[in-house]
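Have a look at the structure below, then the notes.
Because the structure is predicted, anything quoted here is derived from the model rather than measured.
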Amino acid sequence: MRTCRRISDGLHLQIGDCCDLPFEDNFFAAATSINTVYFWKDTVKGLSEIRRVLKPGGAFFNVVYTKESLDKLAYTRTGFKKFELEQLLEAGKAAGFDDIHVKDIVEGESFAVVCRK
């Protein structure tokens with residue numbers, strides 16, 4: 001099921017599958033994911049699709065909790081793929097990103113992996 005909702009003149013939110021994005025190549029200047037990567041069917045395929053739809057120089061901001069933080073929460077015991085930072089960096093490289101940086105949000109708890117095309 002795909003649902004698109006216009007939030008403002010420049011912002012649209014759409015529900016979909018990151019492994020099968022319904023957008024042309026080089027469509028977006030930026031993309032973001034906040035705490036969704038845990039549920040993707042295929043991490044590298046999802047990142048590859050995001051890279052495909054980014055314009056040259058475009059950035060993807062993947063915001064996540066650390067595996068250690070997620071392990072402390074009872075509701076993350078099932079259904080969550082938990083990642084070490086190195087796993088996300090390797091997945092980004094496998095998806096074709098070569099400019100990847102990490103920014104702490106809350107040290108030891110959450111961070112953003114910033115991938116540029």
Exercise. Same cluster or not: are Leu47 and Phe39 linked, directly or through other Ile, Leu, Val, Met, Phe, Trp or Tyr residues, by side-chain heavy atoms under 4.5 angstrom apart?
Worked result: yes
Exercise. What is the minimum heavy-atom distance between Val37 and Phe83, and which atoms define it?
Worked result: O-CE1, 3.7 Å
Exercise. Is Lys103 close to Ile105 at the side-chain level, that is, under 4.5 Å between some pair of heavy atoms?
Worked result: no
Exercise. What's the verdict on side chain to side chain contact (heavy atoms under 4.5 Å, CB included) for Val64 and Tyr38, showing C-alpha distance, side-chain angles and the deciding distance?
Worked result: CA-CA 9 Å; Val64 297; Tyr38 323 121; 3.8 Å; yes
For this session: Return the minimal non-hydrogen interatomic distance between Arg52 and Asp25, and the atom names on each side.
Result: NH1-OD1, 2.7 Å
For this session: I would like to know whether Leu85 and Val113 meet side chain to side chain contact (heavy atoms under 4.5 Å, CB included); could you show each step before the answer?
Result: CA-CA 9 Å; Leu85 171 59; Val113 180; 4.2 Å; yes
Seminar exercise, completed: The reported gap from CG in Asp42 to CG in Asp20 (rounded to nearest 0.5 angstrom) is 12.0 Å
For this session: Taking Thr76 for its side chain and Leu73 for its backbone only, find out whether a donor-acceptor pair lies under 3.5 Å.
Result: yes
Problem set entry | ILVMFWY network linking Phe111 to Phe80, side-chain heavy atoms under 4.5 angstrom | yes
Exercise. Between Phe60 and Phe97, how do the two ring planes meet: parallel, tilted or perpendicular, split at 30° and 60°?
Worked result: parallel
Exercise. Taking it one step at a time, do Glu49 and Cys18 satisfy side chain to side chain contact (heavy atoms under 4.5 Å, CB included)?
Worked result: CA-CA 7 Å; Glu49 271 290 278; Cys18 70; 5.9 Å; no
Problem set entry | Euclidean distance, Cys115 SG relative to Asp98 CG, rounded to 0.5 Å | 10.0 Å
Exercise. Can you name the one residue among Leu88, Leu89, Val114 that meets side-chain contact (heavy atoms from CB on, under 4.5 Å) with Val102?
Worked result: Leu89
Exercise. At their closest point, which heavy atom of Leu54 faces which heavy atom of Ala31, and how far apart are they?
Worked result: CD2-N, 4.0 Å
For this session: Decide, yes or no, whether a salt bridge links Lys93 with Glu90 under the criterion of side-chain N to carboxylate O below 4.0 Å.
Result: no
For this session: Write down the atom of Ser69, the atom of Gly108, and the distance for their closest heavy-atom approach.
Result: OG-O, 3.6 Å
For this session: Using salt bridge (charged side-chain N to carboxylate O under 4.0 Å, His left out) as the criterion, list what pairs up with Asp71, not counting sequence neighbours.
Result: Lys67, Lys82
For this session: Report yes if the side chains of Asn26 and Pro56 come closer than 4.5 Å at any heavy-atom pair, otherwise no.
Result: yes
For this session: Look at the side-chain heavy atoms of Ile, Leu, Val, Met, Phe, Trp and Tyr, link any pair under 4.5 Å apart, and say whether Trp40 and Leu70 land in one connected group.
Result: yes
For this session: Determine the minimum heavy-atom distance between Arg116 and Ala59, stating which atoms define it.
Result: NH1-CB, 3.3 Å
For this session: Please name the pair of heavy atoms, one in Lys117 and one in Lys55, separated by the smallest distance, quoted to 0.1 Å.
Result: CD-O, 3.7 Å
Exercise. Going from CG on Asn62 to OG1 on Thr32, what distance comes out if it is rounded to the nearest 0.5 angstrom?
Worked result: 7.5 Å
